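Since we're looking at a predicted model, the values are computed, not measured. Chain identifiers are assigned alphabetically (A, B, ...) following the order of the sequence lines, protein sequences preceding nucleic acid strands; residue numbering begins at 1 within each chain.
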There are 2 protein chains.
Amino acid sequence: MARVTIAHIAERLGVSKASVSYALNGQPGVSEATRAKVVAMAAELGWHPSFSARALSRSRADAIGMVLRRDPALLGTEPYYMRLLEGVEDVLSEAGQSLLLRMVGTTPGRDTAVYERWAGEGRVDGVIVLDRAIDDPRPELLTRLGLPFVLHGVLPSTEGTERIEDQHRDAELIVSHLAELGHRRIAHITGPLSLAHEVDRRDAVRQECAVRGIEVDFAEADYTFDTAHTRVTELLAAGIRPTALVFSNDVMAVAGLRALADADARDLAAVSWDDSMLCQYSSPTITSLERYPDRAGRRSAAMLLELLDGRSWNTAAPSPSTLVVRETSRPAARP
Amino acid sequence: MARVTIAHIAERLGVSKASVSYALNGQPGVSEATRAKVVAMAAELGWHPSFSARALSRSRADAIGMVLRRDPALLGTEPYYMRLLEGVEDVLSEAGQSLLLRMVGTTPGRDTAVYERWAGEGRVDGVIVLDRAIDDPRPELLTRLGLPFVLHGVLPSTEGTERIEDQHRDAELIVSHLAELGHRRIAHITGPLSLAHEVDRRDAVRQECAVRGIEVDFAEADYTFDTAHTRVTELLAAGIRPTALVFSNDVMAVAGLRALADADARDLAAVSWDDSMLCQYSSPTITSLERYPDRAGRRSAAMLLELLDGRSWNTAAPSPSTLVVRETSRPAARP
DNA sequence: CTGAAAGCGCTTACAG
DNA sequence: CTGAAAGCGCTTACAG
């Protein structure tokens, strides 16, 4: 089956290719009669615009890229990413854009090479950057490459300073919940503090605790079961006795609860910053934050498309998270 | 930054664009001296081939597509897909190919539209088809569209008949394990029997049980917690008393165990056909099949690339699954 | 080995 | 409103 082109349509109709192009793209410059004939003929012949020809002549790939650079093994366990992709994809497909996905693992520099190549080849029109790090080199790199980008989870503020969204409101949800349960001393097992949002979470938790006169300790882990288990065990061994624990993801929450059980300290409360099946079906079930990653993905995709179209920011505010209260929402033990 | 093109390189070097093209593509037709100069200049100028120009002139998109059509909510909970994508992506990126991802949910026909568009626009060179259904219309559609494809998990046999891989070997792993534990009557909670691999699993389990004189019942669910819980509850209510249960995914295994606990029948054995964090961290921990979805993804991607290059099938046999024995590997209760 | 030229299938000023 | 033409940046026969 030879490809159907606008040349075929033009020939069959006895008009020029230009007219066909204008007609098919809804541009002015053709009579309505011609347009109708062209559209009908295109449908009849089953014409689709050649993606590469259009990309070449318009210098637009109609595709946006995402580079996931977490450990592949962890990616599979975090529903966050798949849900995020779902939201992104939803917006893109509605806009006729494609999603290019690359997974590069954690080796430093591999994502840089991908961006350079994408920019050089004109393969994508823009990218969504995930998991922003402290002193993240990517914004500068992408700016230098001339590749438009959106930092996922970062709300461009009117003052020109960036602000990670949500973390403060989320911290308030969690800390106030624990405060209501009577907790006066808590600990937060964070993810890697090289990630900007983990630093923001820690700072927000600290602030919310300060407001309420709650004591708080922090321990840094790396989202894996083992590190979280170790951190919690260390906390207890050091004689630090919080009555509630906050975990930056679900796997660490499960690990922490295991560590507590191992130390016969099952009466502590626990909250996970990420909701998942794990929180829902573990035993005990774990109170957690539903952050609606799909909506966040929709937002980032929409922001990027607006940026590419040169339109002004018109994106709705992020959806507030919801705290899903489960069995680990235990009251503070009376001393 | 204006794009660097082969025209620039040709001009700077005082050679023709053709020579530059040959040199850069490793084609014969240039002297080594010229080639070296061209390559050096390309590197100096930071040249990258324009993806769209190359695609247009070669009629190749250098991209392959995947349409995920499960329920988005379920996608997030099944690490299987992310791990699969990881394997696919790994092979593709090594071959300089891009991965286009679309998630269409379960609405019938939406995937068809995507394939038609991809084929019409020349956006992808081929696709990997997942979750093959009984009487799946996609192979015929893709053939009609002239879009090369690989059916994920299907091994093209030499006899020309397709054969879903693994299911038989996997069934044997599971059933023999249960037989060794002394089970003589089991039940298998399957996923939707509209999916080819679920039918294959059921048939394989039936056969393996027959060989060993084990009685087996089947109940169809849809991979969700609720249906699996209902099916198990119904089984028990009907007076059917297997001593071991097989579940076609991890969520259903968790649900089944819950149903057993609700009915005070905790002593049954259970095996999940999919491994995941859920099996690892639920209580009790669940014996499950590690199927190495990343390797399966690598295989499908490699097969598709071979198909696109017109090379012969050269793909290694699929990796055998491993049974991860955990707490639900209980012996049959003595009557 | 090298260069001039046509072609991939569109878009888009530019004249009529 | 319509048509002839150039251009996007490559690849690839085709002559020299």
Side-chain angles (χ1 to χ4, degrees), chain A residues 1-39 41-42 45-63 96 117-125 146, chain B residues 1-39 41-42 45-63 96 117-123 125:
Chain A
M1 34 166 52
R3 165 173 279 292
V4 179
T5 71
I6 59 168
H8 295 141
I9 299 175
E11 190 185 10
R12 289 276 289 260
L13 256 31
V15 300
S16 74
K17 290 195 309 177
S19 298
V20 173
S21 177
Y22 290 137
L24 258 10
N25 287 305
Q27 302 280 359
V30 258
S31 63
E32 276 314 310
T34 306
R35 187 188 303 276
K37 278 195 303 184
V38 168
V39 169
M41 180 60 75
L45 297 179
W47 175 86
H48 286 268
S50 156
F51 152 70
S52 51
R54 181 172 271 184
L56 180 58
S57 60
R58 294 207 297 210
S59 309
R60 233 189 115 142
D62 283 341
R117 202 161 154 213
W118 277 352
E121 298 186 346
R123 213 164 201 331
V124 300
D125 299 321
Chain B
M1 36 165 49
R3 166 174 278 293
V4 179
T5 71
I6 58 168
H8 295 140
I9 299 175
E11 190 185 9
R12 290 277 288 260
L13 256 29
V15 301
S16 73
K17 289 196 307 177
S19 298
V20 174
S21 177
Y22 290 137
L24 259 11
N25 288 304
Q27 302 279 0
V30 257
S31 63
E32 275 315 310
T34 306
R35 187 189 303 276
K37 279 196 302 183
V38 168
V39 168
M41 180 60 73
L45 298 179
W47 174 85
H48 287 268
S50 155
F51 151 71
S52 51
R54 183 171 269 185
L56 180 59
S57 60
R58 294 207 296 210
S59 309
R60 232 188 117 144
D62 283 340
R117 206 164 149 213
W118 276 352
E121 298 186 345
R123 211 164 200 335
D125 300 321

Side chain to side chain contact (heavy atoms under 4.5 Å, CB included) filter on A:Lys17, not counting sequence neighbours, yields A:Ile6, A:Ala7, A:Ala10

With B:Glu11 via side chain to side chain contact (heavy atoms under 4.5 Å, CB included) - residues at least two apart: none

Outermost DNA chain C nucleotides near chain B [under 4.0 Å, heavy atoms]: C:dC1 to C:dG9

Residue pairs meeting salt bridge (Lys or Arg N to Asp or Glu O under 4.0 Å), one or both in residues 45-55 of chain A, sequence neighbours left out, come to none

Please name all residues satisfying salt bridge (charged side-chain N to carboxylate O under 4.0 Å, His left out) with A:Arg35, sequence neighbours left out, ordered by chain then number. A:Glu32

Applying side chain to side chain contact (heavy atoms under 4.5 Å, CB included), name anything that partners A:Ser50, two or more places apart in sequence or on another chain. A:Arg3, A:Ser52, A:Ala53, B:Leu56

Could you pull out all residues at least two apart from A:Arg12 that satisfy salt bridge (charged side-chain N to carboxylate O under 4.0 Å, His left out)? A:Glu44

Partners of A:Ser57 by side chain to side chain donor-acceptor pair (under 3.5 Å), sequence neighbours excluded? none

Applying side chain to side chain donor-acceptor pair (under 3.5 Å), name anything that partners A:Ser59, two or more places apart in sequence or on another chain. none

What residues 13-24 of chain A contributes to the DNA chain C interface at heavy-atom separation below 4.0 Å is A:Lys17, A:Ala18, A:Ser21, A:Tyr22

Going by side chain to side chain contact (heavy atoms under 4.5 Å, CB included), name the residues that satisfy it together with A:Ser16, two or more places apart in sequence or in a different chain. A:Ala18, A:Ser19

Stems involving DNA chain D: give each as a range paired with a range, ordered by first number, where a stem means at least three consecutive Watson-Crick or G-U wobble pairs under 3.5 Å. C:1-3 with D:14-16, C:5-12 with D:5-12, C:14-16 with D:1-3

Does A:Thr34 reach a base, just sugar-phosphate, or nothing at all? Heavy atoms under 4.0 Å. sugar-phosphate

Map A:Trp47 and B:Val30 onto DNA chain C by nearest heavy atom, then report which one ends up closer to the 5' terminus. B:Val30

Specify the closest pair of heavy atoms between A:Gly122 and A:Ala61, including all atoms of both residues, with the distance to one decimal. O-CB, 3.4 Å

